[in-house]
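Structure first, commentary second.
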Amino acid sequence: DGGITQSPKYLFRKEGQNVTLSCEQNLNHDAMYWYRQDPGQGLRLIYYSQIVNDFQKGDIAEGYSVSREKKESFPLTVTSAQKNPTAFYLCASSVSLGSSYNEQFFGPGTRLTVL
Amino acid sequence: AQKVTQAQTEISVVEKEDVTLDCVYETRDTTYYLFWYKQPPSGELVFLIRRNSFDEQNEISGRYSWNFQKSTSSFNFTITASQVVDSAVYFCALSETSGGSNYKLTFGKGTLLTVNP
């Protein structure tokens, strides 16, 4: 079954700790994305990647970092510099960059809570 | 700047009722794309439809239908004969094509639809 997996589903972090959220896809998609969702809000773009070893900041990249060493994987690190990290994080992918003509497919999300 | 407004924060209906979710967008592009996604309680967003700005034909897929009107910058979504399984948050999204921003989806804040038995 092709799809996007995110792990863990729930994650708890103490203040001051970095934490890494996993995102893997087996859809052979070139483009991958990370979004943040807060209660009652739409999704906001954190980072996106068009190809391996290349990624760009989205609208709210401060306090986050990513890597794209493999086509299938796009992990997101929430650093201690992120002031309000408690949120629902969604990973997505698309055939290529340019969601205007190919839809993004989403993973099941990771709910991060800072204690 | 692109913007998507979903004025209805929450809607509650009884099963078998028809329900329309509103979406109004703002863009300066002449070519753009509109999307609807469904987010069930499990959290994963499910793609429902993509429509480009040059295609104003209404679309029907089973109990779902979409009404795109450029004159009013609206892309409304109707569920006919709603079912409990339709309960979810529904997001409307916009993607522009100019200025190198065609990768970006701008989402509305979503409408929580509750269908009661």
Side-chain angles (χ1 to χ4, degrees), chain A residues 3-11 21 23 25 27 29-51 54-61 87-112, chain B residues 1-11 21 23-27 29-55 61 88-112:
Chain A
I4 301 174
T5 57
Q6 291 185 242
S7 61
K9 189 173 178 65
Y10 299 96
L11 188 56
L21 283 58
C23 176
Q25 55 98 359
L27 300 168
H29 286 174
D30 284 327
M32 297 186 74
Y33 315 78
W34 273 106
Y35 291 89
R36 170 183 172 136
Q37 184 180 15
D38 293 284
Q41 302 294 318
L43 279 67
R44 292 182 290 168
L45 183 64
I46 305 172
Y47 267 97
Y48 65 99
S49 168
Q50 184 173 3
I51 55 172
D54 179 71
F55 47 83
Q56 304 296 329
K57 293 181 179 180
D59 297 323
I60 55 165
F88 188 53
Y89 291 87
L90 285 154
C91 178
S93 71
S94 60
V95 172
S96 61
L97 201 67
S99 56
S100 53
Y101 49 85
N102 62 101
E103 65 269 23
Q104 295 181 17
F105 294 88
F106 285 81
T110 292
R111 192 168 298 280
L112 173 63
Chain B
Q2 53 187 350
K3 183 179 178 182
V4 175
T5 302
Q6 295 180 256
Q8 304 151 309
T9 305
E10 295 187 34
I11 299 176
L21 310 181
C23 173
V24 174
Y25 60 91
E26 295 177 27
T27 178
D29 275 16
T30 55
T31 303
Y32 51 89
Y33 290 78
L34 295 162
F35 302 77
W36 276 95
Y37 282 88
K38 173 182 179 179
Q39 186 178 40
S42 60
E44 179 174 345
L45 264 72
V46 177
F47 167 79
L48 296 178
I49 190 172
R50 176 181 69 250
R51 175 54 54 89
N52 75 58
S53 53
F54 296 106
D55 183 2
S61 176
V89 179
Y90 290 86
F91 289 98
C92 181
L94 164 70
S95 180
E96 295 180 329
T97 58
S98 68
S101 64
N102 64 350
Y103 63 90
K104 182 176 176 178
L105 283 176
T106 296
F107 286 85
K109 293 187 177 181
T111 297
L112 172 61

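Throughout, protein chains are lettered first and strands after them, A, B, ... in sequence-line order, and every chain is numbered starting at 1. Computed from a predicted structure; not experimentally measured.
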Query raised in the report: Where does B/Gln39 contact chain A at under 4.5 Å (heavy atoms): side chain, backbone, both or neither?
Result: side chain
Query raised in the report: Is the backbone N or O of A/Gln104 less than 3.5 Å from a side-chain atom of B/Tyr37, with the two atoms forming a donor-acceptor pair by type?
Result: yes
Query - Exercise: identify the closest heavy-atom pair between B/Phe91 and A/Gln37 - result: CZ-NE2, 3.2 Å
Query raised in the report: What part of A/Gln6 is in contact with chain B, defined as an atom under 4.5 angstrom from a non-hydrogen atom: side chain, backbone, both or neither?
Result: neither
Query raised in the report: Aromatic rings A/Phe105 and B/Phe47: how do their planes relate, parallel, tilted or perpendicular, breaks at 30° and 60°?
Result: tilted
**Report entry** A/Tyr10, OH: over 12 other non-hydrogen atoms inside 6.0 angstrom
**Finding:** no
Report summary line: Rounding to 0.5 Å, atoms CD (B/Glu44) and CD1 (A/Ile4) come to a distance of 7.5 Å
Report summary line: Smallest heavy-atom separation, A/Tyr35 atom then B/Leu105 atom, equals OH-CB, 3.9 Å
Query raised in the report: About how many Å separate OG of B/Ser95 and CD of A/Glu103, when rounded to the nearest 0.5 Å?
Result: 12.0 Å
Report task. Under 4.5 Å heavy-atom distance to chain B, tell me which part of A/Leu43 shows up: side chain, backbone, both or neither. Result -> both
Query raised in the report: Based on non-hydrogen pairs under 4.5 Å, which of A/Gly109, A/Gly40, A/Gly42 is most in contact with chain B?
Result: A/Gly42
Report task. Look at atom NZ of B/Lys109 and say whether more than 12 heavy atoms of other residues, nucleotides or ligands are closer to it than 6.0 Å. Result -> no
Query - A/Asp38 versus chain B, the contacting section by heavy-atom distance below 4.5 Å - result: neither
